[in-house]
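Numbers restart at 1 for each chain; the letters A, B, ... are given by sequence-line order, proteins then strands. Heavy-atom basis, side chains included; hydrogens, waters and symmetry copies ignored.
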Amino acid sequence: MARPYRSRINRQPSQFRIKFIPSITVIIGSMITALPLITDYPILPPMGLLVLLSWRLIRPGYWPVWAGFPLGMVDDMFSGQPFGSAAFLWSLVFLALETLDRRGVGRDYWQDWLIASLSIIFVLICGMLIIDFQSNLLRLEILVPQILLSILLYPFVTRLIGTIDNWRVSI
Amino acid sequence: MAPPRNRRPGFSKRAQYSIFASYLLGILGAVVGLLLLLISIFDPQGFAVLRTIGAEATAPVSKTLAEVGGATGNAGDNISAYFNAASKNAAMERELRSNRIEILEARALKQENERLKRLLDLDKEVPDAIGMARLISSTSSSSRRMATLGLGTTDGILIGQPVRAPEGLVGRVLEAGPTTARILLVSDSQNVTPVKRASDELPAFATGRADGTVDVRPINLGTNPFKGGDLLITSGSGGLYAPGIPVAVVIRKTDTGAIARILANAAKVSHVIVQPMFQAETVAAIKQEEIDRDDAEAEGGE
């Protein structure tokens with residue numbers, strides 16, 4: 001330890017970590033499109049959304065209801081979707097999750113995964129329909145690999161976010 | 001997981017109001033998001049600046065990683081190439097023999113072509129390249145098909161310029177920042193490329209399908225003369241792409257046209273070339289001709 005004489009009681013975790021780590025991880029997740037992966041069809045999971053959902057479901061009550069809007073705007077800068085698409089869809093997801101939380105029923109891990117999966121499917125399909133409703137309605141099957149990959153990746157992202165969360169609140 | 005604690009605020013008016021206000025803000029966020037979306041659907045270039053900032057911010061990372069691991073796109077192919085190596089070798093040797101003959105034939109055709117071109121004075125037809133670079137990233141999580149190129153306005157890139165690879169057409173420049181440019185790939189569903197069949201110049205439109213193929217619809221509706229294996233090249237109409245760039249090969253006939261596979265698969269091309277706009281070239285050529293004619297007339301008048 002660099003500070004051997006620091007107090008052993010009444011210690012506070014870093015306020016910067018507490019306040020900003022979740023947003024920073026979501027933005028880094030959105031920036032995943034900067035990786036030099038050139039694909040011919042949508043395959044990369046929407047990492048920003050996965051990280052956001054992990055935080056939202058691990059720590060209900062941490063994000064305010066409106067948090068989907070600013071984070072979605074940042075995601076729109078990197079995703080290539082029409083601007084405002086993630087801001088709109090993530091806001092809707094947050095409203096739905098908040099309404100769900102208001103029911104006050106305890107949830108287990110599998111239900112969290114189901115909720116996250118439904119949210120991912122909703123955002124990906126709506127994101128595709130926003131681009132071109134008429135012609136894309138007939139070929140939504142393009143999204144199947146991406147949706148499957150995202151749903152299967154969600155538990156791993158949650159694990160990672162859980163570890164980050166432990167570090168965030170640790171002293 | 002246990003339900004969060006602060007959900008039922010009891011009789012505290014202040015707590016109730018703050019929950020209500022955060023709901024209102026959430027709904028407001030959704031509404032504003034929808035408005036932004038509508039704006040960007042009706043004016044797709046409206047938020048280009050923000051996206052350019054995003055691309056520029058991540059460009060150093062993308063460029064470095066693209067240099068390190070240039071072969072990400074065809075890693076699967078590299079692995080699968082180890083299997084069936086012997087049979088593939090035999091097939092390739094057969095192909096090589098037949099190709100040798102074809103090369104000789106092509107050489108003869110090239111000579112004849114050059115002779116005819118000289119006769120017609122068409123030698124200046126092929127436009128020069130503005131720049132050559134790597135595609136550094138793509139929108140691989142969205143259903144839009146766009147890629148980022150490691151060149152920008154400082155290298156002379158302008159919006160609308162066609163981008164091609166040796167294999168064929170890749171797309172066109174959609175947004176240009178100082179050191180990066182966004183390329184709208186041929187496979188994007190918003191990208192319509194005027195094409196013609198190489199064999200008989202049958203004009204058609206190729207619209208992207210977001211999965212590496214294009215939908216081909218002939219301009220003369222009611223006829224559907226396509227068949228598997230037809231090569232589609234750019235027709236030059238519209239003035240954006242120079243005529244004669246290979247675009248796609250028909251793989252399947254449909255009710256209204258055909259589905260064709262794009263030749264220059266953005267995932268596999270290593271480098272792309274940015275070309276000047278074809279029409280701009282034509283306009284410049286016409287202007288040059290006018291100047292020449294004026295000069296000639298002036299000289300004649302003296």
Side-chain angles (χ1 to χ4, degrees), chain A residues 31-47 57-58 60-61 64-66 68-70 72-73 76-92 94-95 98 101-102 104-109 112 124 127-128 130-132 135-136 139 142-143 146, chain B residues 1-8 22-23 25-30 32-41 44 46-47 50-51 53-55 58-59 61-62 65-66 69-70 72-73 135-147 182 187 189-190 207 209-212 262 265-267:
Chain A
M31 284 180 177
I32 198 93
T33 51
L35 289 180
L37 283 171
I38 319 265
T39 58
D40 242 2
Y41 44 90
I43 184 71
L44 196 71
M47 290 304 286
L57 294 170
I58 289 176
V65 190
W66 47 265
F69 179 71
M73 293 253 282
D76 282 329
M77 283 172 65
F78 300 104
S79 71
Q81 290 275 109
F83 202 80
S85 130
F88 172 57
L89 294 172
W90 291 14
S91 294
L92 288 188
F94 262 59
L95 281 173
E98 192 71 18
D101 276 351
R102 294 281 287 172
V105 191
R107 292 195 303 262
D108 66 2
Y109 169 73
D112 271 359
L124 286 179
M128 187 162 172
I130 277 169
I131 294 168
D132 187 351
S135 52
N136 279 349
R139 45 166 193 262
I142 296 176
L143 287 178
Q146 193 191 13
Chain B
M1 188 172 293
R5 280 176 310 240
N6 61 349
R7 296 292 140 184
R8 295 185 188 280
S22 74
Y23 253 92
L25 278 174
I27 293 166
L28 191 70
V32 174
L34 187 61
L35 284 178
L36 286 176
L37 187 58
L38 288 176
I39 293 170
S40 56
I41 284 170
F47 297 103
L50 282 173
R51 272 200 295 272
I53 292 170
T58 52
V61 182
S62 307
L65 289 175
T72 44
L135 293 175
I136 53 173
S137 68
S138 75
T139 55
S140 36
S141 67
S142 156
S143 356
R144 293 217 64 179
R145 304 297 349 124
M146 292 191 278
R182 252 179 203 249
S187 59
S189 57
Q190 308 274 297
T207 318
R209 285 163 52 84
D211 60 350
I262 295 165
N265 184 337

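Between the CG atom of L37(B) and the CG atom of L89(A) there is a distance of 7.5 Å, given to the nearest 0.5 Å. One finds the CD1 atom of I130(A) at 9.5 Å from the CG atom of L38(B) (value rounded to the nearest 0.5 Å). S140(B) OG to I38(A) CD1: the interatomic distance, rounded to the nearest 0.5 Å, is 8.0 Å.
Most heavy-atom pairs under 4.5 Å with chain B: of the set S79(A), P42(A), G84(A), this distinction falls to P42(A). Heavy-atom pairs under 4.5 Å with chain A peak, among R51(B), R145(B), R209(B), at R145(B). In terms of heavy-atom pairs under 4.5 Å with chain B, the best-connected choice from M47(A), R139(A), M128(A) is R139(A). Note on F83(A), F78(A), W90(A): by heavy-atom pairs under 4.5 Å with chain B, the leading option is F83(A). Here G80(A) is the residue among G80(A), G127(A), P64(A), A87(A) with the most heavy-atom pairs under 4.5 Å with chain B. By number of non-hydrogen pairs under 4.5 angstrom with chain A, the leading residue of A210(B), G212(B), S142(B), A59(B) is S142(B).
Contact annotation for Q81(A): both backbone and side-chain heavy atoms come within less than 4.5 Å of a heavy atom of chain B. The parts of R144(B) that come within reach of chain A are both its backbone and its side chain, each placing non-hydrogen atoms under 4.5 angstrom from that chain. With a threshold of 4.5 angstrom between heavy atoms, I142(A) approaches chain B through side-chain atoms but not through N, CA, C or O. In this structure, the portions of I27(B) lying under 4.5 Å from any heavy atom of chain A include both its backbone and its side chain.
T39(A) places a side-chain heavy atom less than 4.5 Å from the side chain of S138(B). Two residues are said to be in side-chain contact when any heavy atoms from C-beta on lie closer than 4.5 Å; I136(B) and P36(A) fail this criterion. By the 4.5 Å heavy-atom criterion applied to side chains, V65(A) and L25(B) are not counted as neighbours. With a 4.5 Å cut-off on side-chain heavy atoms, L36(B) and M73(A) count as touching.
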Task: Derivation and outcome, side-chain contact (heavy atoms from CB on, under 4.5 Å), residues F88(A) and L35(B) - done: CA-CA 9 Å; F88(A) 172 57; L35(B) 284 178; over 6 Å; no

Task: side-chain contact (heavy atoms from CB on, under 4.5 Å) evaluation trace for I32(A) with S141(B) - done: CA-CA 9 Å; I32(A) 198 93; S141(B) 67; 5.6 Å; no

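Nearest heavy atoms, L50(B) versus M77(A): O-CE, 3.5 Å. Annotation for S91(A) and G26(B): closest pair CB-O, 4.3 Å, computed over non-hydrogen atoms.
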